[in-house]
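Take a look at the structure below.
Every chain is numbered from 1, with letters handed out A, B, ... down the list of sequences.
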Amino acid sequence: MIERYRASAGIMLAPAVTLIGIFILLPMLLTVWLSFQDWSTQTPFASASFIGLDNFREIFGPTSIGRDFKGALANTAIYTALSVILILPLSVAFGLMVYQHDVAGGTALRTVLFSTYMVPMIAVALVWSKLYAPGEGPLNQMLGLLGIGPQPFLSSPRSALISIVFLNVWQQVGYFTVLAIAGLTQIPGSLYEAAKLDGANRFEQFRFITLPLMRRTLLFSAVIAIINAVQVFEPVALITQGGPVGSTNVLTYHIRRVGIERAQGGLGSAMAVMLMLSLIVVVCALFALANRKDRE
Amino acid sequence: MSFAWTSKLALVASLALLPATGWAQSVNIYYLTHWSPETVALLEAAAKDYAKANPDVSVTVRAVPFGDLLTTLRSQGGGSDGPTIGGIYDLWLPELARDKLVAPAPDTVAEEVKGAWPAGVVSAASVGGKLYGIPNEIDVYALNYNKALFKQAGIAAAPKTWDEFREAAKKLTNKDAGQQGFGMINSWAAGVVHPFASLLVSNGGELVKDGKPALDSKQAAETFQLYEDLIKSGASVPAMATADANTTGPFLDNFVSGKTGMIIMANWWESALKAGMGDKFADIATAPIPIGPSGDKPHSISYSWMTVVNANAGQAEQKAAWDFLAWLNNPKSGKNGASAMSDILMSMGILPSRSSDIEAHKDKLGSEFLSGYVSVLADAKPFPVVPGGQEFSESLQQTLEALQYGQVSAKDAQATAQADATSILERAAK
């Protein structure tokens, strides 16, 4: 009986497992294999030759390849950290605002917030590149009204990456607000009523009820925000081309330049493997931290 | 012959011709370029003219931003459904030929090109003695300056030496008015490297000599130092120098709006200047690159573009593509003895490279703006076309941008540029 059950389970799982194997696991394994090869992306896989860890030595080495890769890795880490640090608190703040039933215009605000997520990145990039325009750009004109001199935004290596982060936050915060609202709806109203009876003020209710009970939602939001941020590509390709001085050269854009434009498939694969490993480490660390908190 | 027999013969003849007709109508050529919509419209019009005599061939033009052109060629050129024809920058050719993405030109085309184009241009379109593309445009760098700003600053003529250049840049700088003397470019490899290379060759130096980087020379040291001096004196403002994926952006905006006194750029941006400046385009003049302390006469950098055919396209498509390109570049396809390709190029202010086209467009090439470029062409040095050239260019771009933003000194920039170039070119040559 159990054997028949196992056989039928196997048959039913086979299509999904096969598809996952072909379209997810196989490309991942292929990328890992290619990272140990000297291979041009324009030639068949058969032309790849095994070079051990040379690609990894190169991307962490002192030459321009190593410098560019390490720079791109650092830029991606900064971009991701800033995006998550800004998006999560803002999404909770907006979620709380929108979730309050007694606030007028809550539904309209929810619609406005989510609409930014639906705008295609090409349109966002075009609009923001004009907003950030030095001198005559609307943002600089507004700053001028406040008595602040023109800011270089995308034209300075100090501010270009942060400017791209703001663009990302603007576009993504609506989506994460919706997630936060979903988390808020899971908190029983009776807990707030009990807290009120015990004399807890709004801040204490937020600190001791809302935040702890939203931990799972926030964990999910953080993981999704990290994955989204690590995959940033379009604003860099459309607006800054990785510049100035490589200050917005993020890993996905750099891998495209190395792997496709220069056809250095082995090096590009080694970079992709490092990106994948970094992402796995960060997400696992996040889950481990959340589990430890749960146990406490 | 009875009606029945006539009908049968007609049917057999129709059936016999059907496959040929079907084959003939199925040849579609896909032409990939980075040109603007206006220029693409001119190319489409030329394709329509070609179709009048060749109704069996249809040409579809697709344009992508310059920043995406090489990636598109590499990612789509590996298959038969990719672009049949691609417009490419000569620096990309050695690696595209090595990776067998581009087809060698048929003998008839090669013979025609070798006889009708200058030898240097033919050499830039060849790898290992084999011709891979039909050259079309040639671009050369020169100093563009704003005569109105020169007049305001009390400068009588374009600078001829680096000392005069420094002096003019200083006089043209007005921080309060947000005006810089000399405009550099960043965030675009060719835009960063070519003006630097033009100053370098005008100082008697070279980027690459006998296949090896030559950035450790005295002439290169002086050129890096010139950049550092211009930045430190405030005569060049890096924040005014950024470019976007379409090779436009603040560097162009600042020049057309009269906030940049001088800039080193190639002839092809004439159309962008005209579009941005309108009547004020008359204020723009062209002069040779100022001579450095170690230079003997003005030199600058030139590079060429060509059209290549996808080596992975079907035989019929390749044949049709070469036929179309031969027609497009033939003196009979355009007006007054010019090729249709040269008419398209001249609409953008780009110099055609075919000798007969230069002759046919003599009048327009004599305009105040373009004649300055034509005059420096003879002494221009081709940008080195070597394997790894694009990576070398991008690496030098990073170093020069770091120098522009004060992240490294001229001395460190020179050492880094030479070390990086050595490692890149050695690896690419393997």
Answer with side chain, backbone, both or neither: which region of [X] has an atom nearer than 4.5 Å to a non-hydrogen atom of chain A?
| X | value |
| --- | --- |
| B:Ile424 | side chain |
| B:Thr416 | side chain |
| B:Lys259 | side chain |

Region of [X] that comes under 4.5 Å of a non-hydrogen atom in chain B:
| X | value |
| --- | --- |
| A:Thr240 | backbone |
| A:Gln151 | neither |
| A:Arg257 | side chain |
| A:Pro244 | both |
| A:Leu154 | backbone |

For chain A, which residues of [range] have at least one non-hydrogen atom nearer than 4.5 Å to it?
| range | value |
| --- | --- |
| residues 172-192 of chain B | B:Asn186, B:Ser187 |
| residues 390-398 of chain B | B:Gln390, B:Glu391, B:Glu394, B:Ser395, B:Gln398 |
| residues 403-415 of chain B | B:Tyr405, B:Gln407 |

Discussion item. What I'd like to find out is whether the side chain of B:Thr71 reaches to under 4.5 Å of the side chain of A:Arg256, using heavy atoms alone.
Written reply: yes
Fill in: Residue pairs involving residues 234-271 of chain A (criterion ring pair (Phe, Tyr, Trp, His ring centres under 6.0 Å); sequence neighbours excluded)
A:Phe233-A:Tyr253
